[in-house]
There are 2 protein chains.
Amino acid sequence: MTTIRVLLAEDQAMIREALAALLSFEDDIEVVAQVGRGDEVITATNASSPDVALLDIEMPGMDGLAAAAELHAKHPDTKIVILTTFGRPGYLRRAMESGVSGFIVKDSPADKLAATIRQVRDGQRVIDPDLAAAALAEGTSPLTPRERDVLAACTDGKTIQQIAQAVYLSEGTVRNYLSACIGKTGARNRAEACRIAEERGWL
Amino acid sequence: MTTIRVLLAEDQAMIREALAALLSFEDDIEVVAQVGRGDEVITATNASSPDVALLDIEMPGMDGLAAAAELHAKHPDTKIVILTTFGRPGYLRRAMESGVSGFIVKDSPADKLAATIRQVRDGQRVIDPDLAAAALAEGTSPLTPRERDVLAACTDGKTIQQIAQAVYLSEGTVRNYLSACIGKTGARNRAEACRIAEERGWL
DNA sequence: TAGCGCCCGTGACAGTTGTCATGAGCAGAT
DNA sequence: ATCTGCTCATGACAACTGTCACGGGCGCTA
(Lines give C-alpha, C1' and ligand atoms only; values in the text may rest on other atoms or scores of the structure.)
Protein backbone atom coordinates (compact mmCIF):
# COMPACT_ATOMS: atom_id res chain seq x y z
CA MET A 1 0.00 0.00 0.00
CA THR A 2 1.45 3.32 -1.12
CA THR A 3 0.86 6.51 0.83
CA ILE A 4 -2.09 8.70 -0.10
CA ARG A 5 -1.12 12.21 -1.16
CA VAL A 6 -3.56 14.79 0.19
CA LEU A 7 -4.20 18.44 -0.68
CA LEU A 8 -5.73 20.47 2.14
CA ALA A 9 -7.79 23.58 1.33
CA GLU A 10 -9.21 25.50 4.31
CA ASP A 11 -9.12 29.23 4.90
CA GLN A 12 -8.58 29.29 8.64
CA ALA A 13 -4.88 28.75 9.09
CA MET A 14 -5.10 27.32 12.57
CA ILE A 15 -7.75 24.79 11.60
CA ARG A 16 -5.88 23.89 8.44
CA GLU A 17 -2.69 23.14 10.32
CA ALA A 18 -4.59 21.32 13.03
CA LEU A 19 -6.15 19.06 10.44
CA ALA A 20 -2.71 18.48 8.97
CA ALA A 21 -1.50 17.54 12.43
CA LEU A 22 -4.38 15.13 12.76
CA LEU A 23 -3.57 13.48 9.42
CA SER A 24 0.12 13.30 10.24
CA PHE A 25 -0.71 10.54 12.70
CA GLU A 26 -1.84 8.32 9.84
CA ASP A 27 1.07 6.39 8.38
CA ASP A 28 -0.49 5.97 4.97
CA ILE A 29 -1.50 9.61 4.49
CA GLU A 30 0.74 12.52 3.60
CA VAL A 31 -0.37 16.14 3.27
CA VAL A 32 1.53 17.33 0.23
CA ALA A 33 -0.03 20.78 -0.14
CA GLN A 34 -1.97 23.31 1.92
CA VAL A 35 -3.87 26.28 0.55
CA GLY A 36 -6.07 28.92 2.16
CA ARG A 37 -8.03 30.11 -0.87
CA GLY A 38 -10.30 28.36 -3.32
CA ASP A 39 -8.59 29.85 -6.34
CA GLU A 40 -5.27 28.34 -5.33
CA VAL A 41 -6.55 24.78 -5.49
CA ILE A 42 -5.86 24.27 -9.19
CA THR A 43 -2.31 25.56 -9.23
CA ALA A 44 -1.48 23.62 -6.08
CA THR A 45 -2.89 20.50 -7.68
CA ASN A 46 -0.80 21.05 -10.78
CA ALA A 47 2.28 21.37 -8.63
CA SER A 48 1.76 18.52 -6.21
CA SER A 49 -0.57 16.07 -7.97
CA PRO A 50 -2.45 14.81 -4.90
CA ASP A 51 -4.56 11.66 -4.86
CA VAL A 52 -7.25 13.30 -2.76
CA ALA A 53 -8.22 16.96 -2.36
CA LEU A 54 -9.88 17.89 0.93
CA LEU A 55 -11.84 21.10 0.42
CA ASP A 56 -13.65 23.38 2.82
CA ILE A 57 -16.67 25.18 1.34
CA GLU A 58 -16.37 28.61 2.91
CA MET A 59 -13.21 30.06 1.43
CA PRO A 60 -12.16 33.38 -0.06
CA GLY A 61 -11.32 33.67 -3.73
CA MET A 62 -13.52 30.82 -4.89
CA ASP A 63 -15.80 28.66 -2.81
CA GLY A 64 -14.96 25.03 -2.31
CA LEU A 65 -17.77 23.74 -4.49
CA ALA A 66 -16.75 25.87 -7.44
CA ALA A 67 -13.16 24.78 -6.89
CA ALA A 68 -14.36 21.18 -6.83
CA ALA A 69 -16.11 21.55 -10.17
CA GLU A 70 -13.06 23.05 -11.81
CA LEU A 71 -10.76 20.53 -10.23
CA HIS A 72 -12.91 17.63 -11.35
CA ALA A 73 -12.94 18.96 -14.91
CA LYS A 74 -9.18 19.40 -15.11
CA HIS A 75 -8.01 16.52 -12.94
CA PRO A 76 -10.68 13.83 -13.07
CA ASP A 77 -8.39 11.32 -11.36
CA THR A 78 -8.02 13.43 -8.23
CA LYS A 79 -10.70 12.38 -5.77
CA ILE A 80 -12.47 15.20 -3.96
CA VAL A 81 -13.75 15.28 -0.39
CA ILE A 82 -15.77 18.22 0.87
CA LEU A 83 -15.30 19.01 4.55
CA THR A 84 -17.71 21.61 5.82
CA THR A 85 -19.26 23.09 8.91
CA PHE A 86 -22.74 23.22 7.51
CA GLY A 87 -24.48 20.05 6.45
CA ARG A 88 -26.92 21.89 4.24
CA PRO A 89 -28.67 19.62 1.78
CA GLY A 90 -28.20 22.25 -0.90
CA TYR A 91 -24.46 22.08 -0.45
CA LEU A 92 -24.58 18.34 -0.81
CA ARG A 93 -26.57 18.58 -4.00
CA ARG A 94 -24.17 21.08 -5.52
CA ALA A 95 -21.27 18.92 -4.40
CA MET A 96 -22.66 15.86 -6.13
CA GLU A 97 -23.08 17.86 -9.33
CA SER A 98 -19.45 18.94 -9.03
CA GLY A 99 -18.09 15.44 -9.18
CA VAL A 100 -17.29 15.11 -5.51
CA SER A 101 -16.58 11.67 -4.03
CA GLY A 102 -16.96 12.40 -0.34
CA PHE A 103 -18.92 14.82 1.81
CA ILE A 104 -18.38 15.02 5.57
CA VAL A 105 -19.20 17.58 8.22
CA LYS A 106 -16.88 18.91 10.89
CA ASP A 107 -19.18 17.55 13.58
CA SER A 108 -18.10 14.04 12.72
CA PRO A 109 -15.54 12.29 14.90
CA ALA A 110 -11.95 12.80 13.86
CA ASP A 111 -11.29 9.25 12.71
CA LYS A 112 -13.98 9.66 10.08
CA LEU A 113 -11.65 11.95 8.19
CA ALA A 114 -8.87 9.47 7.54
CA ALA A 115 -11.40 6.71 6.93
CA THR A 116 -13.14 8.81 4.28
CA ILE A 117 -9.88 9.67 2.58
CA ARG A 118 -9.02 6.00 2.30
CA GLN A 119 -12.46 5.07 1.03
CA VAL A 120 -12.58 7.64 -1.74
CA ARG A 121 -9.06 6.76 -2.78
CA ASP A 122 -10.37 3.23 -3.25
CA GLY A 123 -13.08 4.54 -5.54
CA GLN A 124 -15.95 4.55 -3.06
CA ARG A 125 -18.35 7.40 -2.44
CA VAL A 126 -18.81 8.58 1.12
CA ILE A 127 -21.86 10.61 2.05
CA ASP A 128 -23.50 11.10 5.42
CA PRO A 129 -26.71 9.04 5.18
CA ASP A 130 -28.80 11.57 7.12
CA LEU A 131 -27.71 14.35 4.86
CA ALA A 132 -28.41 12.34 1.75
CA ALA A 133 -31.92 11.63 3.00
CA ALA A 134 -32.51 15.28 3.81
CA ALA A 135 -31.32 16.36 0.37
CA LEU A 136 -33.63 13.91 -1.34
CA ALA A 137 -36.57 14.91 0.83
CA GLU A 138 -36.17 18.56 -0.01
CA GLY A 139 -36.39 18.14 -3.74
CA THR A 140 -35.05 20.54 -6.28
CA SER A 141 -35.42 24.29 -6.30
CA PRO A 142 -38.73 25.68 -7.58
CA LEU A 143 -37.14 29.06 -8.27
CA THR A 144 -36.49 30.23 -11.81
CA PRO A 145 -32.93 31.40 -12.49
CA ARG A 146 -33.91 35.05 -12.35
CA GLU A 147 -35.87 34.62 -9.14
CA ARG A 148 -32.82 33.00 -7.67
CA ASP A 149 -30.62 35.95 -8.69
CA VAL A 150 -32.96 38.49 -7.20
CA LEU A 151 -33.39 36.58 -3.97
CA ALA A 152 -29.64 36.08 -3.68
CA ALA A 153 -29.10 39.81 -4.05
CA CYS A 154 -31.41 40.69 -1.17
CA THR A 155 -29.36 39.57 1.80
CA ASP A 156 -28.50 41.80 4.74
CA GLY A 157 -31.65 43.88 4.77
CA LYS A 158 -31.16 45.56 1.42
CA THR A 159 -33.81 47.90 0.03
CA ILE A 160 -35.79 47.05 -3.09
CA GLN A 161 -34.01 49.98 -4.68
CA GLN A 162 -30.59 48.57 -3.88
CA ILE A 163 -31.56 45.14 -5.16
CA ALA A 164 -32.93 46.63 -8.36
CA GLN A 165 -29.66 48.45 -8.97
CA ALA A 166 -27.62 45.35 -8.18
CA VAL A 167 -29.55 43.19 -10.65
CA TYR A 168 -30.27 45.89 -13.27
CA LEU A 169 -34.03 45.60 -13.09
CA SER A 170 -36.88 47.99 -12.41
CA GLU A 171 -38.13 48.11 -8.84
CA GLY A 172 -41.51 46.81 -9.90
CA THR A 173 -39.98 43.74 -11.48
CA VAL A 174 -37.93 43.08 -8.39
CA ARG A 175 -41.06 43.26 -6.30
CA ASN A 176 -42.75 40.78 -8.59
CA TYR A 177 -39.88 38.31 -8.45
CA LEU A 178 -39.64 38.62 -4.70
CA SER A 179 -43.36 38.10 -4.37
CA ALA A 180 -42.99 34.90 -6.37
CA CYS A 181 -40.09 33.80 -4.16
CA ILE A 182 -42.08 34.51 -1.02
CA GLY A 183 -44.92 32.44 -2.36
CA LYS A 184 -42.73 29.52 -3.36
CA THR A 185 -40.87 29.40 -0.07
CA GLY A 186 -43.97 29.90 2.02
CA ALA A 187 -42.34 32.84 3.75
CA ARG A 188 -43.98 36.00 5.03
CA ASN A 189 -41.50 38.54 3.71
CA ARG A 190 -38.37 38.59 1.61
CA ALA A 191 -35.96 38.30 4.52
CA GLU A 192 -37.53 35.04 5.60
CA ALA A 193 -37.70 33.82 2.01
CA CYS A 194 -34.03 34.55 1.67
CA ARG A 195 -33.20 32.57 4.78
CA ILE A 196 -35.34 29.58 3.78
CA ALA A 197 -33.94 29.42 0.25
CA GLU A 198 -30.43 29.72 1.64
CA GLU A 199 -31.00 26.83 4.03
CA ARG A 200 -32.38 24.61 1.32
CA GLY A 201 -29.51 25.35 -1.00
CA TRP A 202 -31.72 27.06 -3.55
CA LEU A 203 -29.37 29.99 -3.89
CA MET B 1 9.07 23.67 33.85
CA THR B 2 6.01 21.57 34.54
CA THR B 3 3.55 20.69 31.79
CA ILE B 4 0.56 22.91 31.20
CA ARG B 5 -2.78 21.19 31.66
CA VAL B 6 -5.31 22.31 29.05
CA LEU B 7 -9.07 21.94 28.78
CA LEU B 8 -10.42 22.05 25.23
CA ALA B 9 -14.02 23.18 24.58
CA GLU B 10 -15.17 23.18 20.98
CA ASP B 11 -18.39 21.81 19.58
CA GLN B 12 -17.15 20.41 16.28
CA ALA B 13 -15.66 17.06 17.15
CA MET B 14 -13.30 16.90 14.22
CA ILE B 15 -11.89 20.35 14.88
CA ARG B 16 -11.62 19.67 18.56
CA GLU B 17 -9.61 16.52 18.03
CA ALA B 18 -7.53 18.20 15.36
CA LEU B 19 -6.61 20.95 17.79
CA ALA B 20 -5.75 18.32 20.36
CA ALA B 21 -3.51 16.67 17.78
CA LEU B 22 -1.84 20.00 17.14
CA LEU B 23 -1.20 20.57 20.84
CA SER B 24 0.07 17.03 21.30
CA PHE B 25 3.21 18.07 19.43
CA GLU B 26 4.08 20.48 22.22
CA ASP B 27 6.09 18.76 24.94
CA ASP B 28 5.03 21.12 27.69
CA ILE B 29 1.30 21.02 26.94
CA GLU B 30 -1.14 18.27 27.76
CA VAL B 31 -4.83 18.23 26.88
CA VAL B 32 -6.43 16.82 30.01
CA ALA B 33 -10.08 17.26 29.04
CA GLN B 34 -12.21 17.77 25.96
CA VAL B 35 -15.83 18.90 25.91
CA GLY B 36 -18.25 19.72 23.13
CA ARG B 37 -20.76 21.87 25.01
CA GLY B 38 -20.45 25.08 26.97
CA ASP B 39 -22.38 23.75 29.92
CA GLU B 40 -19.90 20.92 30.39
CA VAL B 41 -16.98 23.26 30.98
CA ILE B 42 -17.50 23.65 34.71
CA THR B 43 -17.88 20.00 35.57
CA ALA B 44 -14.91 19.09 33.39
CA THR B 45 -12.87 21.74 35.15
CA ASN B 46 -13.86 20.37 38.52
CA ALA B 47 -12.76 16.93 37.45
CA SER B 48 -9.50 17.74 35.72
CA SER B 49 -8.34 21.08 37.18
CA PRO B 50 -6.65 22.47 34.06
CA ASP B 51 -4.23 25.40 34.11
CA VAL B 52 -5.71 26.85 30.94
CA ALA B 53 -9.17 26.52 29.41
CA LEU B 54 -9.40 26.97 25.66
CA LEU B 55 -12.98 27.89 24.74
CA ASP B 56 -14.72 28.29 21.43
CA ILE B 57 -17.55 30.85 21.43
CA GLU B 58 -20.14 29.13 19.27
CA MET B 59 -21.20 26.11 21.30
CA PRO B 60 -24.49 24.47 22.19
CA GLY B 61 -25.69 24.46 25.78
CA MET B 62 -23.96 27.64 26.82
CA ASP B 63 -21.87 29.93 24.71
CA GLY B 64 -18.16 30.18 25.34
CA LEU B 65 -18.33 33.67 26.77
CA ALA B 66 -20.97 32.76 29.31
CA ALA B 67 -18.96 29.67 30.19
CA ALA B 68 -15.91 31.90 30.59
CA ALA B 69 -17.72 34.16 33.03
CA GLU B 70 -18.90 31.27 35.16
CA LEU B 71 -15.54 29.57 35.02
CA HIS B 72 -13.73 32.72 36.06
CA ALA B 73 -16.08 33.16 38.99
CA LYS B 74 -15.67 29.62 40.26
CA HIS B 75 -12.06 28.93 39.32
CA PRO B 76 -10.25 32.27 39.24
CA ASP B 77 -6.87 30.54 38.97
CA THR B 78 -7.73 28.81 35.71
CA LYS B 79 -6.62 31.03 32.85
CA ILE B 80 -9.06 31.36 29.95
CA VAL B 81 -8.31 31.66 26.27
CA ILE B 82 -11.09 32.30 23.76
CA LEU B 83 -10.56 30.76 20.35
CA THR B 84 -13.11 31.87 17.81
CA THR B 85 -13.86 32.09 14.13
CA PHE B 86 -15.23 35.58 14.28
CA GLY B 87 -13.06 38.43 15.45
CA ARG B 88 -16.00 40.60 16.28
CA PRO B 89 -15.11 43.51 18.52
CA GLY B 90 -18.25 42.89 20.52
CA TYR B 91 -17.10 39.40 21.34
CA LEU B 92 -13.79 40.77 22.51
CA ARG B 93 -15.47 43.27 24.76
CA ARG B 94 -17.70 40.64 26.33
CA ALA B 95 -14.69 38.38 26.71
CA MET B 96 -12.75 41.02 28.59
CA GLU B 97 -15.69 41.53 30.93
CA SER B 98 -15.75 37.79 31.54
CA GLY B 99 -12.25 37.68 32.92
CA VAL B 100 -10.59 36.18 29.89
CA SER B 101 -6.79 36.27 29.55
CA GLY B 102 -6.38 35.53 25.88
CA PHE B 103 -8.40 36.04 22.69
CA ILE B 104 -7.27 34.60 19.37
CA VAL B 105 -8.99 33.91 16.07
CA LYS B 106 -8.83 30.75 14.04
CA ASP B 107 -7.28 32.66 11.16
CA SER B 108 -4.05 32.98 13.12
CA PRO B 109 -1.15 30.66 12.33
CA ALA B 110 -1.13 27.45 14.29
CA ASP B 111 1.95 28.23 16.39
CA LYS B 112 0.10 31.18 17.86
CA LEU B 113 -2.06 28.76 19.80
CA ALA B 114 0.68 27.14 21.85
CA ALA B 115 2.43 30.48 22.27
CA THR B 116 -0.74 32.04 23.66
CA ILE B 117 -1.32 29.17 26.05
CA ARG B 118 2.18 29.59 27.46
CA GLN B 119 1.85 33.34 27.76
CA VAL B 120 -1.43 33.30 29.65
CA ARG B 121 -0.13 30.56 31.93
CA ASP B 122 2.66 33.00 32.78
CA GLY B 123 0.12 35.63 33.73
CA GLN B 124 0.22 37.67 30.56
CA ARG B 125 -2.77 38.84 28.56
CA VAL B 126 -2.84 38.06 24.87
CA ILE B 127 -5.13 40.01 22.56
CA ASP B 128 -4.91 40.54 18.84
CA PRO B 129 -3.82 44.20 18.50
CA ASP B 130 -6.02 44.87 15.47
CA LEU B 131 -9.05 43.54 17.25
CA ALA B 132 -8.32 45.55 20.35
CA ALA B 133 -8.09 48.70 18.26
CA ALA B 134 -11.34 47.91 16.47
CA ALA B 135 -13.12 47.27 19.75
CA LEU B 136 -11.95 50.57 21.17
CA ALA B 137 -12.85 52.46 18.03
CA GLU B 138 -16.38 51.14 18.07
CA GLY B 139 -17.18 52.27 21.56
CA THR B 140 -19.88 50.82 23.70
CA SER B 141 -23.41 50.01 22.69
CA PRO B 142 -25.82 52.95 22.48
CA LEU B 143 -28.81 50.62 22.77
CA THR B 144 -30.88 50.52 25.91
CA PRO B 145 -31.43 47.03 27.36
CA ARG B 146 -34.96 46.83 26.03
CA GLU B 147 -33.94 48.03 22.59
CA ARG B 148 -31.32 45.34 22.59
CA ASP B 149 -33.91 42.67 23.46
CA VAL B 150 -36.26 43.73 20.74
CA LEU B 151 -33.56 43.93 18.11
CA ALA B 152 -32.22 40.55 19.15
CA ALA B 153 -35.68 39.04 18.74
CA CYS B 154 -36.06 40.24 15.18
CA THR B 155 -33.61 37.99 13.37
CA ASP B 156 -34.51 35.84 10.39
CA GLY B 157 -37.08 38.14 8.88
CA LYS B 158 -39.65 37.98 11.65
CA THR B 159 -42.80 40.05 11.50
CA ILE B 160 -43.45 42.88 13.94
CA GLN B 161 -46.30 40.74 15.25
CA GLN B 162 -44.01 37.81 15.93
CA ILE B 163 -41.46 40.01 17.66
CA ALA B 164 -44.16 41.59 19.80
CA GLN B 165 -45.35 38.16 20.90
CA ALA B 166 -41.82 37.00 21.61
CA VAL B 167 -41.03 40.00 23.81
CA TYR B 168 -44.52 40.48 25.28
CA LEU B 169 -44.98 44.02 24.02
CA SER B 170 -47.56 45.79 21.90
CA GLU B 171 -46.77 46.10 18.22
CA GLY B 172 -46.60 49.87 18.48
CA THR B 173 -43.97 49.72 21.17
CA VAL B 174 -41.94 47.28 19.14
CA ARG B 175 -42.09 49.64 16.22
CA ASN B 176 -40.89 52.49 18.40
CA TYR B 177 -37.98 50.51 19.76
CA LEU B 178 -37.00 49.30 16.34
CA SER B 179 -37.19 52.81 15.01
CA ALA B 180 -34.78 53.89 17.74
CA CYS B 181 -32.46 51.00 16.90
CA ILE B 182 -32.52 51.89 13.22
CA GLY B 183 -31.65 55.47 14.08
CA LYS B 184 -28.82 54.52 16.40
CA THR B 185 -27.26 52.05 13.99
CA GLY B 186 -27.70 54.29 10.97
CA ALA B 187 -29.51 51.50 9.17
CA ARG B 188 -32.35 51.79 6.68
CA ASN B 189 -34.59 49.04 8.04
CA ARG B 190 -34.67 46.63 10.91
CA ALA B 191 -32.94 43.80 9.09
CA GLU B 192 -29.92 45.96 8.42
CA ALA B 193 -30.00 47.34 11.97
CA CYS B 194 -30.01 43.79 13.24
CA ARG B 195 -27.00 42.87 11.15
CA ILE B 196 -25.04 45.97 12.14
CA ALA B 197 -25.72 45.57 15.85
CA GLU B 198 -24.79 41.90 15.60
CA GLU B 199 -21.47 42.73 13.97
CA ARG B 200 -20.62 45.31 16.58
CA GLY B 201 -21.46 42.99 19.41
CA TRP B 202 -24.33 45.10 20.62
CA LEU B 203 -26.65 42.16 20.97
C1' DT C 1 -38.95 68.04 44.79
C1' DA C 2 -37.57 68.57 40.24
C1' DG C 3 -35.29 66.79 36.39
C1' DC C 4 -33.75 63.10 33.64
C1' DG C 5 -33.81 58.88 31.15
C1' DC C 6 -35.84 54.50 30.37
C1' DC C 7 -40.14 51.84 29.86
C1' DC C 8 -44.57 51.11 27.64
C1' DG C 9 -48.40 52.51 25.16
C1' DT C 10 -51.52 55.11 21.52
C1' DG C 11 -52.60 57.41 17.30
C1' DA C 12 -51.60 59.62 12.88
C1' DC C 13 -48.96 59.87 8.76
C1' DA C 14 -45.84 58.79 4.97
C1' DG C 15 -43.08 55.63 2.81
C1' DT C 16 -42.00 50.91 1.63
C1' DT C 17 -43.31 46.41 0.55
C1' DG C 18 -46.29 42.55 -1.06
C1' DT C 19 -50.13 41.20 -4.18
C1' DC C 20 -52.49 41.10 -8.29
C1' DA C 21 -53.93 41.97 -13.10
C1' DT C 22 -52.20 42.86 -17.45
C1' DG C 23 -49.26 42.92 -21.49
C1' DA C 24 -45.33 42.34 -24.68
C1' DG C 25 -41.25 39.77 -26.32
C1' DC C 26 -38.93 35.50 -26.66
C1' DA C 27 -37.60 30.73 -26.39
C1' DG C 28 -38.69 25.71 -26.57
C1' DA C 29 -42.08 21.92 -27.07
C1' DT C 30 -46.27 19.63 -29.27
C1' DA D 1 -48.80 27.16 -35.74
C1' DT D 2 -49.91 27.04 -31.12
C1' DC D 3 -49.11 26.51 -26.42
C1' DT D 4 -46.44 27.08 -22.41
C1' DG D 5 -43.25 29.16 -19.39
C1' DC D 6 -39.68 32.62 -18.41
C1' DT D 7 -38.47 37.51 -18.61
C1' DC D 8 -39.39 42.27 -17.95
C1' DA D 9 -42.39 46.02 -17.27
C1' DT D 10 -46.39 49.09 -15.54
C1' DG D 11 -50.13 50.48 -12.56
C1' DA D 12 -53.35 50.01 -8.70
C1' DC D 13 -54.33 48.53 -4.21
C1' DA D 14 -53.73 46.75 0.43
C1' DA D 15 -50.80 45.70 4.06
C1' DC D 16 -46.84 46.45 6.61
C1' DT D 17 -43.19 49.32 8.37
C1' DG D 18 -40.81 53.47 10.01
C1' DT D 19 -41.30 58.14 11.99
C1' DC D 20 -43.07 61.35 15.00
C1' DA D 21 -45.64 63.52 18.77
C1' DC D 22 -47.62 62.68 22.89
C1' DG D 23 -48.74 60.75 27.53
C1' DG D 24 -48.26 58.17 31.98
C1' DG D 25 -45.38 55.42 35.13
C1' DC D 26 -41.06 54.29 37.27
C1' DG D 27 -36.55 54.85 39.46
C1' DC D 28 -32.41 57.48 40.06
C1' DT D 29 -29.89 61.69 41.12
C1' DA D 30 -29.08 66.51 42.16
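Model, not experiment: these values are computed from the prediction. Below, chain A is the first sequence line, B the second, and so on; all start at residue 1.
Atom NZ in Lys184(B) sits about 11 Å away from atom P in dG5(C), given to the nearest Å. Separating the CZ atom of Arg188(A) from the P atom of dT16(C) is a distance of 23 Å, rounded to the nearest angstrom. Separating the CD atom of Glu171(B) from the C1' atom of dA15(D) is a distance of 12 Å, rounded to the nearest angstrom. Distance Lys158(B) NZ to dT17(D) P: 13 Å, rounded to the nearest Å. Atom OH of Tyr177(A) is separated from atom P of dA9(D) by 8 Å (rounded to the nearest Å). Nucleotide dC13(D) holds its P atom 14 Å from the CZ atom of Arg175(A), rounded to whole Å. Between the CD atom of Gln162(A) and the P atom of dT16(C) there is a distance of 12 Å, rounded to whole Å. We find that CD of Glu147(A) is positioned 11 Å from P of dC8(D), with the value rounded to whole Å.
Within the nucleic acid shown, Asn176(A) comes within 4.0 Å of at least one base atom, counting heavy atoms only. Counting non-hydrogen atoms under 4.0 angstrom, Arg146(A) reaches the backbone sugars and phosphates but no base. Using a 4.0 Å heavy-atom distance criterion, Thr144(B) is classed as a sugar-phosphate-only contact.
The shortest distance between side-chain heavy atoms of Val105(B) and Thr85(B) does not fall below 4.5 Å. Within the 4.5 Å cutoff, the side chain of Leu151(B) has heavy atoms near those of the Cys194(B) side chain.
Salt bridge status for Asp156(A) with Arg195(B): present, with a side-chain N to carboxylate O gap under 4.0 Å. Under the 4.0 Å criterion applied to side-chain N and carboxylate O atoms, Asp63(B) and Arg94(B) are assigned as salt-bridge partners. In summary, Asp56(B) and Lys106(B) engage in a salt bridge, as defined by a charged side-chain N under 4.0 Å from a carboxylate O.
The listed nucleotides are dT10(C), dG18(D), dC8(C); the one nearest the side chain of Leu169(B) is dC8(C). In the set dG18(C), dC7(C), dG9(C), the nucleotide with an atom closest to the side chain of Ile160(A) is dG18(C). Nearest to the side chain of Ile182(A), among dT7(D), dT19(C), dA12(C), sits dT19(C). Closest to the side chain of Arg190(B), from the set dA9(D), dG18(D), dG9(C), is dG18(D). Which of dT7(D), dT19(D), dG18(C) sits closest to the side chain of Leu178(A) comes down to dG18(C).
In terms of phosphate contacts, Ser179(B) brings a side-chain nitrogen or oxygen within less than 4.0 Å of OP1 or OP2 of dT19(D). Side-chain nitrogen and oxygen atoms of Thr159(B) include none within less than 4.0 Å of the OP1 or OP2 phosphate oxygen of dC16(D).
Toward the 5' end of DNA chain C, the nearer of the two residues Gly172(B) and Asn189(B), judged by each one's closest nucleotide, is Gly172(B).
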